[in-house]
Number of protein chains: 2
Amino acid sequence: MFKKILIAEDFQDTNKGIVEALESRLQIETIQEELYCDKAYNRFKVAHEKGEPYELLITDLTFSENHVPRKLTSGKKLIDAVRAVDKNIKVIVNSMIDNPTEINPLFSEQEINGYVCKGRNSLNDLVNAIQEVYQNRTFVSPQLNLNTAGSVFEMDKYDLMILKNLADGFTKKEISEKLKKQNISPNSESTIDKKVSKLFDEFGAKNTHHLIAKLVKLGKI
Amino acid sequence: MFKKILIAEDFQDTNKGIVEALESRLQIETIQEELYCDKAYNRFKVAHEKGEPYELLITDLTFSENHVPRKLTSGKKLIDAVRAVDKNIKVIVNSMIDNPTEINPLFSEQEINGYVCKGRNSLNDLVNAIQEVYQNRTFVSPQLNLNTAGSVFEMDKYDLMILKNLADGFTKKEISEKLKKQNISPNSESTIDKKVSKLFDEFGAKNTHHLIAKLVKLGKI
DNA sequence: TAGTCCCTTACAGGTATCTGTAAGGGATTC
DNA sequence: GAATCCCTTACAGATACCTGTAAGGGACTA
């Protein structure tokens, strides 16, 4: 089993819950917790330089702001920083995000080893994840179905781009002109009209205001 | 000090972190944790009927869905249900929400006794909150400044209502008619036009799509 | 080759949004 | 009372959105 684990999680209650669970359920010599990405990174780096590196990083993705100035503002940045020093360190992300479009890039781009979605079973999932990752396997909380990322529930990139532009205040005419400049087709205002109207049906929206509000709430925009 | 405390929190790691902290820092005979509102309510009711009531409820506001069918779907509903049985039970809300417009009604309408905002100091805040509430005082996490609720950064209720209706797909004409039916003034389409246009400036939005997207992202709608 | 299907596009008409002007009313000040 | 300020409202014109129709083209099939 891992001998040294580093935990980065800004919610104090969650942080303590994880430490307590790991101490009681796994045989790990050193479990170190930090509330800030920067502090976690410093601790990791010092240990690495002393030749006593951490073998596993467990980190949240979002870290709230407060008065303390920060260099590393998110779990993603922490992972990048840590991997730049030690590209072999194992990483498990522990977050409340359950959107496959956000989680998949963590595996494909940042090559994390496990993803645990916070919830009613997350401590059990986390223990399982640690054991799986220790065996060089990846782990994903079972309630997540990452395979559905490209399924019928996912909007295609084109539709998403249109909606993002609308949400950013561009008119359909402006979007049409943008597309023409970039030689992206289709690009007529009429087609954009129709694409958006189709999304009304798919998402049960009455108009564009409604659709945008829904999609932002769903985290798709 | 309280003898019986009931905790409702759906994140297992957070849940355990709270229990562990309270057990180690406060002298409380019974600390009962539940992951579901319904289960928490049942446990509360049984204890009440047996004449061994819980004296304090600590609850989150949001509880994620899963396959388990639920009657009580949020902390707010749990509080209402519990207070309907025992109007004297003390309630502390422990949530990550930091928006005064959402928190203030908890005090004014649901008459909660304390609010702890999850974060890097939330376990310490929670311990303080329990001690304050035990002394019949209210407690709010110090990083929250609920007094700013009506300040320049907060939108007034009227504007918010208009934007919510727009985000729900109603046209300004429909909103105007709604207001007239409810005898709420002002209610002309023209005034609504102007209110929204003013918000464009305040929030740096180009049009209504942009404004709605921004406000949803800010959690105000 | 002809027929079919689907996507793209243009266009038109109706509706909704956005902006500006102007008129009226209440509150305050002088 | 008169002047001023602010808010509400009506109205008008320009722009943007939404829907429907129709024409054209590419892909596929018979």
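Chain A is the first sequence line, chain B the second, and so forth, proteins listed ahead of strands; every chain is numbered from 1. In this text the structure is predicted, and so the values were computed from the model without any measurement.
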Using a heavy-atom cut-off of under 4.0 Å over every strand shown, decide if K195(A) touches base, sugar-phosphate, or nothing.
->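 Sugar-phosphate contact only - K195(A) comes under 4.0 Å of backbone atoms but never of a base.
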Is NZ or CZ of K206(B) both nearer than 6.0 Å to the six-membered ring centre of F170(A) and within 45° of the ring axis?
->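 Yes, cation above the ring, under 6.0 Å and within 45°.
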Would you say dT19(D) has OP1 or OP2 under 4.0 Å from some side-chain N or O of S197(A)?
->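 So the side-chain polar atoms of S197(A) do come within 4.0 Å of the phosphate oxygens OP1 or OP2 of dT19(D), strictly under.
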Under 4.0 Å between a side-chain N/O of T191(B) and OP1 or OP2 of dT9(D), yes or no?
->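 The answer is yes; a side-chain N or O of T191(B) sits under 4.0 Å from OP1 or OP2.
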For atom [atom1] of [X] and atom [atom2] of [N], their distance in whole Å:
X       : N       : atom1 : atom2 : answer
K198(A) : dG20(D) : NZ    : P     : 15 Å
K194(B) : dT8(D)  : NZ    : P     : 11 Å
L199(B) : dC18(C) : CG    : P     : 11 Å
D193(B) : dG13(D) : CG    : P     : 16 Å
K206(A) : dC18(D) : NZ    : P     : 14 Å
F200(A) : dT15(C) : CZ    : C1'   : 13 Å
I162(A) : dC17(D) : CD1   : C1'   : 14 Å
L163(B) : dT17(C) : CG    : C1'   : 14 Å

Close aromatic pair by centroid cut-off 6.0 Å: F44(B) and Y54(B) |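 Not under 6.0 Å, so no.
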Rounded to the nearest 0.5 Å, what separation is found between the CG atom of L78(B) and the SG atom of C37(B)?
->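 Spacing of CG (L78(B)) from SG (C37(B)) equals 4.5 Å.
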Are any of the side-chain nitrogens in E132(B) or R137(B) under 4.0 Å away from the carboxylate oxygens of its partner?
->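 Looking at E132(B) and R137(B), the cut-off is met.
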Are D193(A) and K172(A) ion-paired here, with the side-chain N under 4.0 Å from a carboxylate O?
->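 So D193(A) pairs with K172(A) through a salt bridge.
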Using the side-chain heavy atoms of [X], tell me which of these nucleotides is nearest: [options].
X       : options                  : answer
T208(A) : dC18(C), dC17(D), dT9(C) : dC17(D)
N207(B) : dT19(D), dC18(C), dT9(D) : dC18(C)
S190(B) : dT9(C), dT17(C), dC11(D) : dC11(D)

Would you tell me whether N128(B) and D125(B) have side-chain atoms, one donor and one acceptor, within less than 3.5 Å of each other?
->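 Side chains of N128(B) and D125(B): no pair found under 3.5 Å.
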DNA chain D-proximal residues of residues 164-177 of chain B, any heavy atom under 4.0 Å |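 DNA chain D contact set from residues 164-177 of chain B: none.
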Check: V91(A) main-chain N/O paired with N113(A) side-chain donor or acceptor under 3.5 Å |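 Yes: the side chain of N113(A) pairs with the backbone of V91(A).
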